[in-house]
**Student:** 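To start, I am sharing the structure in question, which I have written as structure tokens.
Just so it is clear, the structure is predicted and the values come from calculations on it, not from any experiment.
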Amino acid sequence: METVSSHTHESSSSKRKVIAVVGGGLVGSLNACFLAKRGFDVEVFESREDIRQAKVVRGRSINLALSHRGRQALKHVGMEDKIVSEAIPMHARMIHNMNGKRSPIPYGKKGQYILSVDRANLNKELLTAADAYPNTTLNFNHKLHDWSPKTGTMTFTGPDGQRKEIQADLVVGCDGAFSAVRKQFLRQSRFNYSQTYIPHGYMELTMPPKDGDFAMEPNYLHIWPRNTFMMIALPNLDRTFTCTLFMPFEDFEKIHSGEEVINFFQKYFPDSIPLIGVEALKQDFFRLPAQAMVSVKCSPYHLFDKCVLMGDAAHAVVPFYGQGMNAGFEDCLVIDEIMDQLNENIAAVLEEYSRVRVPDDHAIADLAMYNYVEMRAHVNSRYFLFRKYMDNILHFIMPKTIIPLYTMVTFTRTRYHEAVNRWHWQDKVITQGLWLCGVVSAAGGTYVLVRHSHKLPSISVEHLWTRILALKHF
């Protein structure tokens with residue numbers, strides 16, 4: 001077994017800490033930029049090949065929603081403008097009803113929008129940015145087997161198939177929902193961990209351009225809500241849309257042939273068939289099986305002064321609030337801010353990071369679960385639309401007192417758990433206000449009727465009841 005000294009600089013190795021970032025995905029590559037900017041020696045270890053050279057990029061969903069939290073983190077390392085210039089703004093949800101009618105629901109005030117970004121392109125840009133720091137080394141095809149919390153020694157299998165040991169002062173686990181770094185945490189006392197698979201899977205389909213342009217309005221996140229399942233579509237720079245069908249696995253398993261696919265889409269998403277294409281639908285539906293979605297919660301996020309978990313390794317969330325990547329990027333920003341506050345005292349920084357971040361990440365995990373019900377079912381409800389309208393009016397009148405939950409989560413850096421607490425308080429106040437208005441209106445109406453009853457035509461109770469029953473037929 002070979003022992004490799006990790007990126008040592010003879011003159012500065014005694015001064016500069018070596019930080020190993022395990023995972024070269026979105027959060028890992030952004031984290032490398034943050035840490036390198038601080039002057040640490042950064043070693044990134046990614047189990048896959050370099051996606052910048054790969055012919056086919058394997059991995060998860062094609063595009064993601066970037067919002068304020070993620071943008072603030074990118075801004076800190078000078079990447080915001082570049083990434084935003086390669087993204088497509090989405091100003092509202094566009095709801096597609098069964099009858100083909102489309103109705104927009106704005107995300108926030110005028111000028112507020114989220115961005116559709118290409119996952120692979122974003123990852124390539126972040127890797128290139130990390131690579132540009134002279135104190136960063138990217139190591140691809142390095143699979144982590146184990147590491148020691150006592151010494152910080154990690155054992156990898158390298159690209160040549162040989163095992164090697166690498167030493168670091170701090171291990172940063174950014175290796176996703178099925179983190180190899182986190183396995184060591186599970187051996188420790190008082191480490192809490194849970195994972196939940198939801199009963200729904202997802203499948204991605206492509207909607208090609210029509211006559212060289214987008215087949216639908218591009219500056220929207222399109223949603224086909226169908227109560228127990230839904231389809232969404234996000235725009236891409238090549239003028240395609242990535243359509244994602246979210247549905248219970250048992251429903252996916254009922255569809256066995258191309259004809260059954262078309263019948264299913266004809267019944268529930270008829271307006272999408274000519275846009276995706278009959279033949280494409282028949283083929284793409286069976287290209288890959290529906291993928292599972294997992295929600296991971298754990299605490300604490302650190303182990304002694306040797307390791308910290310970030311991104312999906314700490315808090316994988318289901319994708320229904322568009323906050324998975326944004327929360328992971330905000331992790332990088334939060335720990336960076338704590339490093340400023342505590343003068344890079346690593347032991348104190350890691351402890352404070354766990355204390356601050358765990359309640360927030362648990363809150364967004366719960367919100368993401370809640371938002372799935374909202375997206376596939378509530379958006380069909382008139383009361384939901386009325387409450388959205390009411391929240392926006394109240395926010396306009398009292399911008400500092402009433403702030404819609406979605407606005408707090410997506411367009412501010414209000415801590416996630418504080419946003420949830422405030423949402424519950426606002427909901428209670430608004431609901432009680434609506435009840436009060438209802439009671440006052442009813443009392444006022446009754447008073448007017450009683451006051452002017454002598455002016456009303458006389459009508460017997462039996463006659464009135466007959467008329468009320470007659471209304472049932474309309």
Side-chain angles (χ1 to χ4, degrees), residues 7 9 12 15-46 50-53 57 63-90 111-140 170 172 174 236-237 308 310-312 322-344 346 349 353 356-357 410-414:
H7 197 67
H9 295 255
S12 60
K15 298 176 196 168
R16 295 212 297 213
K17 281 190 166 66
V18 175
I19 298 186
V21 176
V22 180
L26 297 175
V27 174
S29 49
L30 178 63
N31 225 334
C33 295
F34 269 87
L35 295 166
K37 191 179 172 200
R38 281 197 165 270
F40 294 115
D41 279 346
V42 181
E43 292 275 347
V44 179
F45 297 96
E46 169 56 53
D50 186 346
I51 63 166
R52 295 170 298 172
Q53 267 92 58
V57 179
N63 47 14
L64 300 155
L66 175 67
S67 54
H68 181 73
R69 294 169 200 268
R71 287 181 66 167
Q72 289 298 107
L74 291 169
K75 184 179 182 179
H76 195 82
V77 293
M79 292 291 291
E80 184 189 18
D81 291 344
K82 183 161 185 52
I83 300 306
V84 169
S85 71
E86 296 167 351
I88 298 175
M90 298 182 291
Q112 287 183 324
Y113 56 86
I114 59 177
L115 292 154
S116 174
V117 295
D118 179 279
R119 176 194 284 273
N121 182 60
L122 177 56
N123 204 164
K124 288 173 188 174
E125 294 283 12
L126 289 171
L127 284 169
T128 300
D131 217 358
Y133 288 93
N135 49 327
T136 298
T137 306
L138 304 182
N139 304 277
F140 296 97
L170 175 65
V172 182
C174 300
N236 300 308
L237 281 177
V308 64
M310 297 173 77
D312 282 0
Q323 286 295 304
M325 170 182 70
N326 291 289
F329 282 7
E330 193 179 40
D331 287 347
C332 305
L333 193 49
V334 167
I335 202 164
D336 189 73
E337 289 164 349
I338 294 169
M339 282 209 186
D340 279 342
Q341 291 161 21
L342 301 176
N343 297 319
E344 295 183 5
I346 296 297
V349 165
Y353 172 73
V356 166
R357 204 62 184 148
T410 310
F411 301 119
T412 76
R413 277 197 64 207
T414 303

**Student:** Would Asp131 and Lys124 pass as an ion pair if we require N to O under 4.0 Å?
**Tutor:**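 Lys124 and Asp131: not salt-bridged.
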**Student:** For the residue pair Gln323 and Ser67, confirm or rule out a side-chain donor-acceptor distance under 3.5 Å.
**Tutor:**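 Distance-only check passes for Gln323 and Ser67.
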**Student:** Taking the side chain as everything from C-beta on, heavy atoms only, tell me whether Leu35 gets closer than 4.5 Å to Thr136.
**Tutor:**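 Not touching, per the 4.5 Å side-chain cut-off.
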**Student:** Is His76 close to Gln72 at the side-chain level, that is, under 4.5 Å between some pair of heavy atoms?
**Tutor:**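 Result no, sub-4.5 Å side-chain heavy-atom pair not found.
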**Student:** Closest heavy-atom contact between Ser29 and Ala130?
**Tutor:**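 Minimum heavy-atom contact is O-CB, 3.9 Å.
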**Student:** Got a second to check how far Met325's CE is from Leu26's CG, nearest 0.5 Å?
**Tutor:**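 Output value for this atom pair is 6.5 Å.
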**Student:** Do Ile88 and Leu115 have side-chain heavy atoms sitting under 4.5 Å apart?
**Tutor:**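 Counting from C-beta outward, Ile88 and Leu115 never come under 4.5 Å.
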**Student:** Could you check Phe34 against Val172 for side chain to side chain contact (heavy atoms under 4.5 Å, CB included), going step by step and ending with a plain yes or no?
**Tutor:** CA-CA 12 Å; Phe34 269 87; Val172 182; over 6 Å; no
**Student:** So, for Ala36 and Asn135, which heavy atoms are closest and what is the spacing to 0.1 Å?
**Tutor:**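 What the structure gives for the nearest pair is O-ND2, 3.0 Å.
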**Student:** Asp312 versus Val27: any side-chain heavy-atom pair under 4.5 Å?
**Tutor:**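 The answer is no; the side chains never approach within 4.5 Å.
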**Student:** For Leu127 and Leu138, which heavy atoms make the closest approach, and how far apart are they?
**Tutor:**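 The pair with the smallest heavy-atom distance is O-CD1, 3.7 Å.
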**Student:** With a 4.5 Å limit on heavy-atom distance, are the side chains of Lys37 and Asp336 in contact?
**Tutor:**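 Not in contact.
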**Student:** What is the distance from atom CD of Glu86 to atom CD of Glu125, rounded to the nearest 0.5 Å?
**Tutor:**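 That separation rounds to 4.5 Å.
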**Student:** Taking the side chain as every heavy atom from C-beta outward, state whether Tyr353 and Val308 have any atom pair closer than 4.5 Å.
**Tutor:**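 Yes, at least one pair of side-chain atoms sits under 4.5 Å.
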**Student:** Once you round to the nearest 0.5 Å, how far does CD1 of Ile83 lie from CG of Leu126?
**Tutor:**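 Between Ile83 CD1 and Leu126 CG, I get 5.5 Å after rounding to 0.5 Å.
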**Student:** Do Val356 and Val334 have side-chain heavy atoms sitting under 4.5 Å apart?
**Tutor:**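 The answer is yes, as the side chains (C-beta and beyond) meet within the 4.5 Å cut-off.
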**Student:** For Asp331 and Gly311, indicate whether the former's side chain and the latter's backbone hold a donor-acceptor pair under 3.5 Å.
**Tutor:**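 Such a contact is found between Asp331 side chain and Gly311 backbone.
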**Student:** Can you tell which of Asn121, Asp118, Asn236 makes a side chain to side chain donor-acceptor pair (under 3.5 Å) with Asn63?
**Tutor:**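 In the set Asn121, Asp118, Asn236, the residue that makes a side chain to side chain donor-acceptor pair (under 3.5 Å) with Asn63 is Asn236.
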**Student:** Could you check whether any side-chain N or O of Arg357 sits under 3.5 Å from a backbone N or O of Met310, counting only pairs where one atom can act as donor and the other as acceptor?
**Tutor:**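 Not at all, since once roles are kept as given, no pair shorter than 3.5 Å links the two residues.
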**Student:** Report yes if the side chains of Glu344 and Val349 come closer than 4.5 Å at any heavy-atom pair, otherwise no.
**Tutor:**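 No, too far: nothing below the 4.5 Å cut-off.
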